[in-house]
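Throughout, residue positions are numbered sequentially from 1 according to the sequence presented.
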Amino acid sequence: MTQQDPSTDQLKQSVVESFMAIIGAPDDLDTARAADDVVSALDARLITEAAEAACA
């Protein structure tokens, strides 16, 4: 993780904000794509954290 990467908590907050945006604009494909990107980033982060914890 570089210094510019958001923290896991920031990613979680971004997921919530993305889902709220989807609720506000359910037919907006750009909003859905942005939410998908955030969910994918959080998923990758959690996988990495779990792997690091398993190795510790």
Side-chain angles (χ1 to χ4, degrees):
M1 179 168 62
T2 67
Q3 287 182 327
Q4 295 179 357
D5 288 341
S7 70
T8 301
D9 287 339
Q10 288 171 321
L11 284 171
K12 289 177 182 178
Q13 181 61 36
S14 292
V15 168
V16 171
E17 291 169 2
S18 295
F19 288 168
M20 296 302 291
I22 289 171
I23 290 168
D27 296 328
D28 186 333
L29 291 178
D30 290 332
T31 299
R33 285 185 190 107
D36 184 56
D37 290 344
V38 172
V39 170
S40 294
L42 179 58
D43 186 46
R45 173 69 54 80
L46 294 175
I47 288 170
T48 300
E49 288 180 358
E52 289 173 355
C55 292

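- Side-chain contact between D5 and R45 is present, with at least one heavy-atom pair separated by less than 4.5 Å.
- Summarising the geometry of V38 relative to L11, their closest heavy-atom pair is CG1-O, 3.9 Å, with the distance given to 0.1 Å.
- Residues passing the side-chain hydrogen bond (donor to acceptor under 3.5 Å, both in side chains) test with T31 are D28, sequence neighbours excluded.
- A distance of 11.5 Å separates OG of S14 from CG of D37, quoted to the nearest 0.5 Å.
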Using atom types as modelled, flag every donor-acceptor pair under 3.5 Å from a side chain in residues 46-56 to any protein atom, sequence neighbours excluded.
unit_1: T48; atom_1: OG1; unit_2: A44; atom_2: O; d: 3.0
unit_1: E49; atom_1: OE2; unit_2: T8; atom_2: OG1; d: 2.4

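- Ion pairing between a basic and an acidic side chain is recognised when a charged N comes within 4.0 Å of a carboxylate O; R33 and D36 show no such pairing.
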